[in-house]
Amino acid sequence: MVAKKLALGLLPTWALGQSNVKWITVEDGPAPSFSLASSGISYQFHVDPYTLDLIHDHWGGYAAETVPQDTGNRNGWGGPYTYRLREFPDSGRGDFRTPAIHIQHATGDTVSAFAYTGYEVKAGKPGLPGLPATYGNEDDVSTLIVHLYDEYSAISADLYYSIFPKHNSIARSFRLTNKGNNTATVQRASSWSIDMPNEELDLIDLRGDWAGEAHINRRSVGFGEQGFRSTAGYSSHFHNPFFALAPPSTTELQGPATGYALLYTGSFAANVERWSTGWVRVLLGLNPLHLSWPLEPGDTFISPEVVSAYSYRGFSGMSQSLHSLFKNQLSRANQTLETRPALLNSWEGLKFDYNSTSMVELAKGAADLGCRLFVNDDGWFGTDYPRDNDSLGLGDWVPQEKKFPEGLGPYVDDVNAITVANSSDKMIFGLWFEPEMVNPNSDLYAEHPDWVLHAGSHNRTLLRSQLVLNLGLPEVQEYIITTVGGILDSANIKYVKWDNNRGQHELPSPAANHAYMLGLYRVIDNLTSAHPDVLWEGCASGGGRFDAGLLHYWPQTWTSDNTDGLSRLQIQFGTSYAYPPSSMGCHVSAVPNDQIGRITPLAFRSAVASMCGSYGLELDPKDLTQEERDMIPGMISLQQEINPLVINGDFYRLALPEQSNWPAAMFALPDASAGVLFAFRIRSETKPLPPPVKLRGLDADAKYKLTGGSFNATFSGSTLMNTGLSLKWPNGDYQSYIIKLERVEGG
Ligand code: GLA
């Protein structure tokens with residue numbers, strides 16, 4: 001057989017050695033078996049000795065052995081690639097399911113024939129040039145690289161698998177290198193691809209829209225393809241690049257679950273396909289509608305990374321693994337594990353209507369309430385087209401003379417001179433940018449109309465009166481690096497809100513989206529490396545780019561433009577499926593709420609916002625009642641006190657707002673020495689009575705002192721976790737408790 005000859009002919013001798021790298025075992029031979037395993041997880045696959053295709057064996061909880069799957073009666077239309085659980089499914093050889101990789105060759109055909117040629121193992125993890133990626137040293141991670149080659153097209157594929165045992169996670173990506181003389185086109189690239197046996201499964205993803213992000217969407221995996229994608233050019237509000245798979249019996253706190261997240265900010269596709277056998281193919285990667293990537297002779301294409309985390313402790317356990325992976329092995333920002341200052345953002349309070357005097361007044365009001373960071377949102381720039389509404393000035397990153405007659409530096413100095421109430425701290429200053437966009441009403445557009453994404457003579461569709469700059473162009477990248485960097489150097493700016501307020505419509509080619517992303521990552525990498533002390537917050541009309549790609553560079557993201565307390569509960573619980581609460585920006589705004597008009601109590605809004613890493617106010621203190629003015633300093637000092645627990649604690653969703661009138665969640669430090677409980681009652685009802693709140697993550701034998709709400713008591717961890725707290729709720733809708741837990745005995 002040809003394949004057999006290939007196996008022996010192409011195997012390099014170094015491939016015959018035994019792996020001595022931690023957590024990776026290779027059963028050697030011409031057709032080896034690979035296992036990445038720690039006490040919590042196993043990922044197993046092997047080389048089929050006849051086809052040299054990679055066969056998937058298992059991904060999930062630890063398994064000491066590999067069990068070959070029964071491939072059943074093979075009569076029918078299939079060939080040797082059909083009734084197989086495949087690891088890297090290519091196309092054109094009789095596997096009729098959706099492939100992970102689809103390449104069009106210069107001849108026009110799209111058949112690929114990747115065959116195993118060898119492997120390498122490495123302690124630690126190689127970087128992913130140009131793309132965001134998880135990282136770690138040899139105590140954190142080990143990497144297996146499997147080499148495949150398609151002799152017909154002379155394209156090699158190197159599959160990278162990394163195991164992070166402390167976070168029960170596997171990271172995957174692949175590289176294609178064109179070793180031939182003809183240009184090929186990569187039409188489809190799914191970094192994660194496995195085939196699972198016939199099991200009952202639910203698919204859980206986060207769907208939404210502007211001001212309504214991250215709704216938990218759970219359905220069973222039936223026959224055929226089911227999935228979701230973003231073709232918006234960005235990860236988008238519509239579908240987050242994340243999903244979970246779990247048996248129908250899995251709950252928040254019990255049962256196996258795997259979570260999958262793509263570390264990417266552009267268009268993407270997730271596909272889960274149950275085939276005739278009942279087997280389920282799982283794909284996550286780039287959106288084929290926005291790919292068609294030309295692979296020139298000698299070029300290498302690197303696919304964005306996917307991480308997957310497994311837990312047997314339900315969706316909360318799965319989320320905890322992803323959170324700890326993202327906090328410790330993904331984010332490169334200095335502030336990721338630090339307490340964040342309470343802030344006041346000018347947007348909902350003043351919108352575009354301000355000058356340096358009214359801004360300094362606003363900053364003083366913020367300082368009097370206890371905020372330590374003042375953020376000047378949209379409206380500060382534009383000379384010929386002053387940014388006094390959203391149709392003007394985007395792209396012209398020059399401070400407006402009318403609003404800042406003395407320039408930005410002296411204005412920022414004035415803000416920095418303000419002392420925060422009851423402290424000796426001075427106010428920190430932050431600024432809003434939307435660097436990837438341009439209004440046609442701008443000097444930039446007048447000078448460079450060709451810098452925007454556009455498709456020949458097609459209409460350039462305006463959205464919020466703006467167009468998208470083509471960050472695939474090196475001159476656009478340089479312009480952004482220079483102008484944003486220049487402003488950061490011109491004044492004492494210690495926080496940046498990087499906004500992005502529309503999707504991509506007319507693209508010059510499908511590949512322009514990925515080229516844009518590579519450009520965007522280059523720009524952000526450059527600016528964040530040059531300004532590591534700046535606290536960077538991502539935003540895209542709220543959570544339109546809340547993805548693990550940007551979390552590599554920025555420690556936090558504005559979770560949603562919807563600041564209503566109740567909407568936010570649902571959005572934040574949903575977002576926490578994939579992303580740590582420490583990475584969420586959450587603000588208390590005025591009522592009736594600007595986006596949906598609901599009125600909720602101030603304490604409720606503040607409790608909801610306190611569940612996030614970055615807490616702030618988004619209102620004009622002048623509009624507050626005396627009662628509210630009196631309450632806010634206490635709310636902020638409580639929020640600041642518990643912020644280290646929110647940043648460093650393990651997050652448990654105890655009851656979801658979609659499922660209970662009494663949603664609750666808690667953070668517990670990994671050593672169980674302290675925690676904080678957030679409990680809510682949405683509607684005031686006479687009956688039924690609330691269920692006990694059963695805590696998690698505590699030391700059963702230790703005693704904990706509880707403070708907050710009506711509690712000033714001490715209970716053992718066992719009581720708190722098994723009997724639970726019985727909370728008494730006052731009358732009225734939208735009530736909340738924040739209860740601190742401190743270990744006082746035992747442990
Ligand atoms: C977007 C953001 C808001 C605010 C405005 C300013 O909508 O999501 O938070 O910054 O832009 O124009």
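In listed order, ligands and their atoms are each counted from 1. Throughout, residue positions are numbered sequentially from 1 according to the sequence presented.
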Under 4.0 Å from ligand 1, counting heavy atoms only, is it the side chain of [X], its backbone, both or neither?
| X | answer |
| --- | --- |
| Asp390 | neither |
| Asn345 | neither |
| Glu434 | neither |
| Arg464 | side chain |

Closest protein heavy atom to [atom], given as residue, atom name and distance to 0.1 Å:
| atom | answer |
| --- | --- |
| atom 8 (O) of ligand 1 | Asp561 OD1, 2.5 Å |
| atom 4 (C) of ligand 1 | Asp377 OD1, 3.5 Å |
| atom 5 (C) of ligand 1 | Trp347 CE2, 3.6 Å |
| atom 11 (O) of ligand 1 | Asp499 OD2, 3.0 Å |
| atom 12 (O) of ligand 1 | Asp378 OD2, 2.6 Å |

Using a 4.0 Å cutoff against the non-hydrogen atoms of [X], which atoms of ligand 1 qualify?
| X | value |
| --- | --- |
| Gly542 | 8 (O) |
| Ser541 | 8 (O) |
| Cys539 | 2 (C), 8 (O) |

Would you say the ring centers of [X] and [Y] fall short of 6.0 Å from each other?
| X | Y | result |
| --- | --- | --- |
| Phe374 | Tyr495 | no |
| Trp558 | Trp498 | no |
| Phe546 | Tyr579 | yes |
| Phe242 | Tyr260 | no |
| Trp210 | Phe238 | no |

| request: Have a look at Tyr553 and tell me which of Leu520, Asp525, Val523, Leu527 forms a side chain to side chain contact (heavy atoms under 4.5 Å, CB included) with it. | output: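 It is Asp525, the one option of Leu520, Asp525, Val523, Leu527 that forms the side chain to side chain contact (heavy atoms under 4.5 Å, CB included) with Tyr553.
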| query | Between Asp533 and Lys494, does at least one N-O distance fall below 4.0 Å, as a salt bridge requires? | reply |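 No, no charged N to carboxylate O under 4.0 Å.
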| field | Cationic N near anionic O, under 4.0 Å, Arg598 to Asp733 | value |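 Result for this pair is no, no salt bridge flagged.
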| field | Close approach of Glu348 to ligand 1, heavy atoms, under 4.0 angstrom | value |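 No heavy atom of Glu348 comes that close to ligand 1.
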| field | Sub-4.0 Å heavy-atom contact, Lys497 with ligand 1 | value |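 The answer is yes: ligand 1 sits under 4.0 Å from a heavy atom of Lys497.
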| Qualifying residue for side chain to side chain donor-acceptor pair (under 3.5 Å) with Gln556, from Glu537, Lys497, Gln335 |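 Answer after filtering Glu537, Lys497, Gln335: Glu537.
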